[in-house]
Structures are given as structure tokens and as C-alpha cells.
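Note on naming: letters A, B, ... go to the chains in the order of the sequence lines (proteins, then strands), and numbering restarts at 1 for each one. No hydrogens, no waters, no symmetry mates; every other heavy atom, side chains included, goes into these values.
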Number of protein chains: 2
Amino acid sequence: MTDQHTTNALRLLQVADDFRAGLASEFSSVHGISVNEFILLLHLERATANRLSRVDLAKRMHVSASTITRMAAPMEKIGLVGRETDERDARLVFVVATDAGREKLSDALATFSKRAGYLFKDRLEEAETDQFAFMLRRLMAGTGDTLA
Amino acid sequence: MTDQHTTNALRLLQVADDFRAGLASEFSSVHGISVNEFILLLHLERATANRLSRVDLAKRMHVSASTITRMAAPMEKIGLVGRETDERDARLVFVVATDAGREKLSDALATFSKRAGYLFKDRLEEAETDQFAFMLRRLMAGTGDTLA
DNA sequence: GCAATATGCTTGCATACGCAATCGATTCGC
DNA sequence: GCGAATCGATTGCGTATGCAAGCATATTGC
């Protein structure tokens with residue numbers, strides 16, 4: 001009826017949703033940011049010059065460009081990100097991480113790693129962890145501009 | 001800097017998001033339902049008597065009870081689910097899959113399986129697929145009432 | 001038994017998001 | 001060079017969702 005691939009996909013979604021839900025709760029109460037804001041900051045950190053254009057961010061995050069515009073606005077207001085323009089192309093508006101933004105990311109990343117530890121530790125052997133990483137990387141093949 | 005667990009969690013979210021995004025697109029255009037509506041139907045199918053209370057669905061789906069109320073309304077209107085009450089407890093309102101709902105689920109499940117195939121086929125060996133399933137199942141330990 | 005508490009569901013309000021239209025800026029065709 | 005097409009960003013509108021309040025029903029404490 002349901003083949004192994006189907007089962008795996010269902011489990012993948014389930015595990016990811018569970019993890020994200022727990023993360024959202026702790027991010028909200030401890031760091032005052034959403035998971036998507038965390039991911040936005042993470043993309044900025046890993047980008048050259050700590051900045052990315054809005055459409056670039058949108059593509060990487062699977063959201064629309066308008067979402068980036070609206071997500072960046074309050075983050076600008078509280079000083080997590082700034083705004084820069086391109087000298088060559090006046091259409092581009094970069095989102096750039098500020099020092100406060102990088103610090104917030106660092107704090108949130110500690111929470112993220114802690115919860116990642118909860119998820120994997122005691123559930124996978126060390127060799128399995130490596131193998132899991134290897135398999136996930138292959139599943140991401142063709143996905144450009146990933147975070148990990 | 002970022003340990004293996006952190007990397008794996010990031011990749012897990014990334015792969016799941018990618019898969020969900022592609023699925024949402026095809027579900028919307030081909031079957032006229034959202035991914036969450038599909039998952040709701042899937043929960044009903046796997047429940048005894050093809051029905052679940054709203055709070056039960058909410059817990060399983062990581063959404064609030066109000067979301068279930070609002071999600072079920074249009075699905076009732078187009079005949080995918082029905083409404084039943086409990087004789088013992090008048091507070092309970094069950095969401096129950098109709099024949100049309102089960103048929104819709106069956107169609108959507110074919111699409112789901114096809115895309116699951118795209119994701120895993122040619123990327124994991126058969127032995128790895130089994131191992132992936134095994135690892136995912138351990139990662140779900142403690143998560144009650146799963147779909148797979 | 002009855003008041004107090006808990007539970008299930010719904011609804012008002014606020015927030016997050018996508019799509020389509022729009023505007024300004026750039027690039028292309030010729 | 002210049003009009004046409006393209007591209008990046010923003011905004012209006014509709015939809016989806018969570019939280020908190022409200023309401024009806026059950027359960028519990030005494």
C-alpha cells in the first residue's frame with residue numbers, strides 16, 4: 001500500500017514539524033524571534049559581506065519577496081538588520097546583519113544546537129549520525145544555496 | 001563551530017521544507033487541497049472509525065484547535081469530511097472522512113508517493129532507504145500518534 | 001447535589017503569508 | 001539611443017493561523 005519512500009517522506013515531515021514546533025516555542029519565549037527570522041539571520045551570516053538582496057533571500061527561504069519585505073521591516077526596527085543599496089543597481093535593496101543581529105543569531109544558534117542535540121543524541125550512534133548527514137546531503141542535491 | 005547534530009537538524013528542516021513546497025504546489029493545482037488538508041485526511045484514514053475529535057486532530061497536526069475548526073468548515077462544504085457527535089459527551093464534535101474524502105486522499109496519496117519517489121529514488125540505495133526509515137523512526141520516539 | 005474546575009469547541013482580534021498589481025530601475029532588441 | 005521587456009521591491013487584498021475570551025458540557029470535591 002504505502003511503500004518505503006512514502007513512509008520515509010511522511011516521517012521526514014513529521015520529525016521536521018516536531019522539531020520546528022519545539023524550536024518555535026523556545027525561540028519565541030527566550031529570544032523573541034521566530035524560526036523564520038532565525039533562518040533569515042543564518043542566511044545573512046553565511047552570505048558574503050553578511051548581506052543578501054530580498055529576492056535572493058526569498059528564493060533561499062521558500063517564501064515570496066513580499067514576505068521578506070515584511071519580515072525585514074520589524075527586524076530593522078529593533079536593530080537586528082540594516083538596509084544597504086547597490087551602487088551599480090539602484091533596484092537592489094540588501095538586508096544586512098548588524099552586530100546586534102549577529103549576536104542574536106549566536107544566542108539563538110545555541111538554543112538550536114541544544115535542541116538538535118536533544119533530537120539526535122541517544123537516538124543515533126555516532127557512526128549513524130555521520131551517515132544520516134551523508135544521506136541528507138544527497139537528498140539536498142539540486143537544492144542551491146543551502147545553509148548546511 | 002556548528003556540530004554534526006546542528007548540521008543535521010538544519011538539513012532536516014531544509015529537505016522537509018523543499019519537499020513540502022513542491023508538494024503544496026502540485027496538491028493545489030492537481031487536487032485542489034492544501035498539504036495540511038491532505039494530512040488531516042490521512043489522520044482520519046488511520047484513525048478508528050475514520051474519525052477524530054477536533055482537539056485530537058489539533059494535537060496530532062501541531063496546530064491549534066481553532067485551526068481545525070476553520071480547516072474543517074470548507075472541507076465539510078465540499079463534502080470531503082462530515083460531522084458526528086458523541087452520544088456520551090455532547091462536547092465532542094468528530095471530523096469524519098466521507099467516501100469523497102477517502103477518494104480524494106487516495107488520489108493525493110498517489111501524488112505524494114510519486115514525489116517521495118522523486119526525492120529518494122536514485123539518491124539512496126535500497127539498503128540505505130531501510131536504514132533511513134529505521135533512523136527516522138527512532139527520531140520519532142516519544143512522538144505519539146504518528147502517521148508512519 | 002452543587003459549586004468549582006476542567007474540557008471541547010467556536011469566535012474576535014492580531015499576525016504572517018502568497019498573489020497580483022504597481023512603480024522605479026535596468027537591460028535588451030534593433 | 002530608444003521603446004519594450006525584464007527585474008527588484010513594495011503594497012492591497014484575501015487566506016491561514018495562533019491566542020485569548022466566551023460558551024456549553026462534564027467531572028470533581030466536598
Side-chain angles (χ1 to χ4, degrees), chain A residues 17-18 20-29 32-41 43 47 51-78 80-96 145, chain B residues 17-18 20-29 32-41 43 47 51-78 80-96 145:
Chain A
D17 275 0
D18 284 3
R20 178 183 282 264
L23 199 63
S25 169
E26 186 163 356
F27 271 5
S28 168
S29 61
I33 62 174
S34 70
V35 175
N36 267 355
E37 287 171 337
F38 165 74
I39 292 176
L40 189 152
L41 288 173
H43 275 291
R51 66 181 208 176
L52 288 169
S53 77
R54 276 140 161 72
V55 293
D56 206 343
L57 271 171
K59 284 174 192 159
R60 292 170 195 235
M61 294 182 64
H62 282 309
V63 297
S64 69
S66 55
T67 295
I68 299 295
T69 292
R70 286 167 168 132
M71 210 184 314
M75 293 178 77
E76 272 185 48
K77 186 159 291 186
I78 61 177
L80 296 179
V81 300
R83 167 182 297 249
E84 286 182 7
T85 54
D86 190 304
E87 296 176 356
R88 310 292 187 82
D89 191 336
R91 293 171 304 179
L92 293 174
V93 183
F94 292 101
V95 182
V96 52
D145 300 317
Chain B
D17 275 359
D18 282 4
R20 179 183 281 265
L23 199 63
S25 170
E26 186 164 354
F27 272 5
S28 167
S29 60
I33 61 174
S34 70
V35 176
N36 267 355
E37 286 170 337
F38 165 75
I39 291 176
L40 189 153
L41 289 173
H43 275 291
R51 68 180 207 177
L52 288 170
S53 77
R54 277 143 160 70
V55 292
D56 205 344
L57 271 171
K59 284 174 192 159
R60 292 172 195 235
M61 295 182 64
H62 283 310
V63 297
S64 68
S66 55
T67 296
I68 299 295
T69 291
R70 286 168 169 131
M71 210 183 314
M75 293 176 78
E76 273 186 49
K77 186 160 289 186
I78 61 177
L80 296 179
V81 300
R83 167 184 297 250
E84 288 181 8
T85 54
D86 189 306
E87 297 176 355
R88 311 292 187 79
D89 192 335
R91 293 171 303 180
L92 292 174
V93 183
F94 291 102
V95 181
V96 51
D145 302 316

Between [options], which one does the side chain of [X] approach most closely?
| X | options | answer |
| --- | --- | --- |
| A/Thr67 | D/dT25, C/dC17, C/dC9 | C/dC17 |
| A/Arg91 | C/dT26, C/dG12, D/dT11 | C/dT26 |
| A/Ala65 | D/dG18, D/dT10, C/dC9 | D/dT10 |
| B/Asp89 | D/dT25, C/dT10, D/dT17 | D/dT25 |
| A/Ala90 | D/dT17, C/dA25, C/dC17 | C/dA25 |
| A/Ser66 | D/dG18, C/dC9, C/dG18 | C/dG18 |

Review point. Are any of the side-chain heavy atoms of B/Ile39 and B/Val35 separated by less than 4.5 Å?
Key: yes
Review point. Considering heavy-atom distances to DNA chain C, does A/Glu87 or A/Ser34 have its closest nucleotide positioned more toward the 5' end?
Key: A/Ser34
Atom pair distance, as rounded to whole Å: [atom1] in [X] and [atom2] in [N]:
| X | N | atom1 | atom2 | result |
| --- | --- | --- | --- | --- |
| A/Leu92 | C/dT26 | CG | P | 9 Å |
| B/Ile68 | D/dA16 | CD1 | P | 13 Å |
| B/Leu52 | C/dG8 | CG | P | 13 Å |
| B/Asp86 | D/dA26 | CG | P | 9 Å |
| A/Arg51 | D/dA9 | CZ | P | 11 Å |
| A/Lys59 | D/dA9 | NZ | C1' | 13 Å |
| A/Met71 | D/dT10 | CE | C1' | 15 Å |
| A/Arg70 | C/dA14 | CZ | C1' | 15 Å |

Would you say [X] places a side-chain N or O within less than 4.0 Å of OP1 or OP2 belonging to [N]?
| X | N | result |
| --- | --- | --- |
| A/Ser64 | C/dC17 | no |
| A/Arg54 | D/dT10 | yes |
| B/Arg83 | C/dT10 | yes |

Check your understanding: When all nucleic acid strands are considered with a 4.0 Å heavy-atom cut-off, which category describes A/Ser53: base, sugar-phosphate, or nothing?
Key -> sugar-phosphate
Practice item. Check step by step if side chain to side chain contact (heavy atoms under 4.5 Å, CB included) holds for A/Leu92 and A/Arg54. Key: CA-CA 8 Å; A/Leu92 293 174; A/Arg54 276 140 161 72; over 6 Å; no
Point to revise | Salt-bridge present (B/Asp86, B/Arg88; N to O < 4.0 Å) | key: no
**Study point:** A/Asp17 bridged to B/Arg20 by N-O distance under 4.0 Å
**Key:** yes
Check your understanding: Between OG1 of A/Thr85 and CD of A/Glu87, what distance do you get to the nearest 0.5 Å?
Key -> 7.5 Å
